[in-house]
Amino acid sequence: MKLRNIAIIAHVDHGKTTLVDELLKQSGTYRENQRVAERVMDSNDLEKERGITILAKATSIVWKDTRINIVDTPGHADFGGEVERILNMVDGAIVLVDAAEGPMPQTKFVVGKALKVGLRPIVAINKVDRSDARPSEVVNEVFDLFAALDATDEQLDFHILYGSGRSGWMAKAPEGPQDQGMAPLLDLVLDHVPEPKVAADSQFRMIGTLLEANPFLGRMITGRITSGSIKPNQSIKVLAQDGTVVEQGRISKIMAFRGIERQAIEEGVAGDIIAIAGLSKGTVADTFCDLGVTEPLKAQPIDPPTVTMSFIVNDSPLAGTEGDKVTSRVIRDRLLKEAEGNVALKIEEASDKDSFFVSGRGELQLSVLIETMRREGFELSISRPRVVLQKDEAGNTLEPVEEVVIDVDEEHSGVVVQKMSERRGEMLEMRPSGGNRLRLVFRAPTRGLIGYQADLMTDTRGTAIMNRLFHAYEPYKGDIAGRRNGVLIANSPGEAVAYALWNLEDRGPMMIEPGWKVYQGMIVGEHTRDNDLEVNVLKGKQLTNIRTTSKDEAVRLTPPIRMTLERALTYIQDDERVEVTPKSIRLRKVHLDPNERKRSEKMKETA
């Protein structure tokens with residue numbers, strides 16, 4: 001059967017996974033009476049809850065006697081490591097662009113990678129049925145983007161389709177016709193995307209692209225066969241990028257993507273995307289090949305991580321009460337297992353053996369890892385995110401700088417510009433984006449953007465949309481002011497009492513509720529001033545035998561600040577930590593004892 005391999009790439013929320021749903025539906029992959037979930041490619045619980053794609057996944061459809069392997073990719077820059085590897089596996093790409101928003105930072109990131117590899121993308125303008133759609137202007141913006149990314153003349157001569165993934169149609173004009181469904185897009189893939197390039201060599205070679213653990217078959221490596229073919233029980237070896245042999249072994253099973261299911265096949269042929277099982281050490285970016293091959297295939301270099309956090313064994317007084325995986329050994333094994341399949345993550349063990357430095361592309365990528373571990377029963381203590389600094393040849397410090405695009409209502413643009421300038425952001429562009437909204441483009445250090453999302457939502461009454469993309473390492477921009485307010489710290493262990501919380505409301509908003517367990521050194525609220533304050537949240541009302549008609553009998557509390565994992569990580573300062581358990585997210589000081597805290601502050605001042 002003829003083959004085509006394509007990736008669908010786009011900014012987050014531009015409709016990639018919904019488009020794959022429609023392609024599967026209209027190509028006859030499902031039975032007529034088959035029940036199918038919405039966004040069928042988002043298989044992970046976190047993906048379903050957040051409505052985002054985190055892991056790249058492959059599927060395949062048959063259209064006019066040709067098998068089309070489709071890879072659905074994540075839209076967040078934090079998961080860009082997945083996209084970079086995927087592009088080595090395909091021969092074409094569909095770039096999906098929202099008809100109202102136009103090309104966004106992540107579109108620029110993935111299109112730049114696709115053009116570099118030499119792909120000729122097909123541009124699909126999605127959501128043309130939106131009331132604020134502007135398809136012709138968006139096409140011009142896409143062309144400008146391609147030109148800015150040094151596209152060749154062939155790449156600039158891209159095919160354009162318009163349509164709506166949700167309504168299930170694509171056409172050569174924004175107005176339709178809408179009765180042909182997705183056929184124009186699938187036909188264009190057959191005509192425009194080249195067949196897989198197959199090396200003349202008959203020896204089997206494949207580069208590992210995705211790694212997963214299957215409960216029945218063990219480790220499974222997905223990749224595209226570059227040359228030769230492979231059958232079950234065949235002996236192969238694994239070569240690292242430097243040519244050293246990682247392991248030799250026998251293939252126990254070969255799985256191919258057939259619709260949304262994976263089926264065992266008797267032979268994998270050159271050009272097809274398959275998953276193999278039976279090897280225990282081979283991982284992503286390694287070359288899987290015949291025993292006679294000595295040269296590994298070249299893998300695309302992965303962009304370096306920019307943000308790091310410390311994952312520390314939980315040592316709070318409540319440690320071990322809610323989770324069952326608490327020791328440094330199980331945390332270490334879990335992190336190393338994660339780093340195997342996710343090449344954008346870097347794990348280093350600290351000298352004390354009780355903490356690990358985990359570096360990634362951004363807070364979202366690391367918070368998804370923490371949330372996944374938390375659901376698996378792990379207890380952890382997490383430090384504040386820090387940026388990964390580098391040195392240039394002259395010894396000057398360099399820090400990561402990001403391109404930030406903020407869509408905001410005109411009335412709130414002033415406060416956004418002011419806050420970004422306080423965080424060392426430089427404005428590059430300000431232009432109208434329709435409907436009394438402005439698009440502001442900044443270049444700002446990653447340090448300044450940690451924790452800005454919550455402030456932005458408050459300043460703009462929840463109407464702003466912020467998108468970020470790593471730009472480059474640039475000279476250090478200088479100090480940036482951190483959180484303005486201090487915190488309220490519990491001074492003794494026990495259970496919080498409503499009366500005490502009610503009396504403390506003048507001091508600042510609370511982060512806990514009555515009945516919650518607290519311990520000395522735990523953060524229970526935000527102080528209205530800039531200093532930290534120790535408070536007693538256990539103090540009940542002194543009861544007497546005198547009857548009273550006073551109104552303070554029923555205590556009415558202001559709802560507390562709800563700390564999500566992302567918000568907690570960006571809220572804390574260097575002397576604070578987030579305690580993460582399967583049931584709770586608590587904030588605490590690094591030093592729980594007040595005397596130790598004072599001692600460490602004095603040592604900092606003298607240093």
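For the numbers below, each heavy atom of this structure counts, side chains included, while hydrogens, waters and symmetry mates do not. Numbering of residues begins at 1 and proceeds along the displayed sequence.
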- Message: Restricting to ring-ring contact (aromatic ring centres under 6.0 Å, His included), what partner residues turn up for Phe158, sequence neighbours left out?
- Response: Phe146

- Task: Identify, with sequence neighbours excluded, every residue that meets ring-ring contact (aromatic ring centres under 6.0 Å, His included) alongside His192.
- Result: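 For His192, the residues satisfying ring-ring contact (aromatic ring centres under 6.0 Å, His included) (neighbours in sequence not counted) are His159.
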
What residues, two or more places apart in sequence or in another chain, satisfy side-chain contact (heavy atoms from CB on, under 4.5 Å) together with [X]?
| X | answer |
| --- | --- |
| Thr306 | Pro400, Phe470, Tyr473 |
| Ala171 | Trp169, Pro177 |
| Ser252 | Ala277 |
| Lys172 | Leu161 |

Qualifying residues under side chain to side chain donor-acceptor pair (under 3.5 Å), relative to [X], sequence neighbours excluded:
| X | answer |
| --- | --- |
| Arg120 | none |
| Ser351 | none |
| Asn233 | none |
| Arg224 | Asp91 |

- Query: According to the salt bridge (Lys or Arg N to Asp or Glu O under 4.0 Å) rule, which pairs have a member within residues 268-297, sequence neighbours left out?
  - Reply: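 Output for this query lists Arg258-Asp272.
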
- Task: Apply salt bridge (Lys or Arg N to Asp or Glu O under 4.0 Å) to Lys2 and list each qualifying residue two or more places apart in sequence or on a separate chain.
- Result: none

- Item | Side chains of Ser60 and Arg67, donor plus acceptor under 3.5 Å |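 Distance-only check passes for Ser60 and Arg67.
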
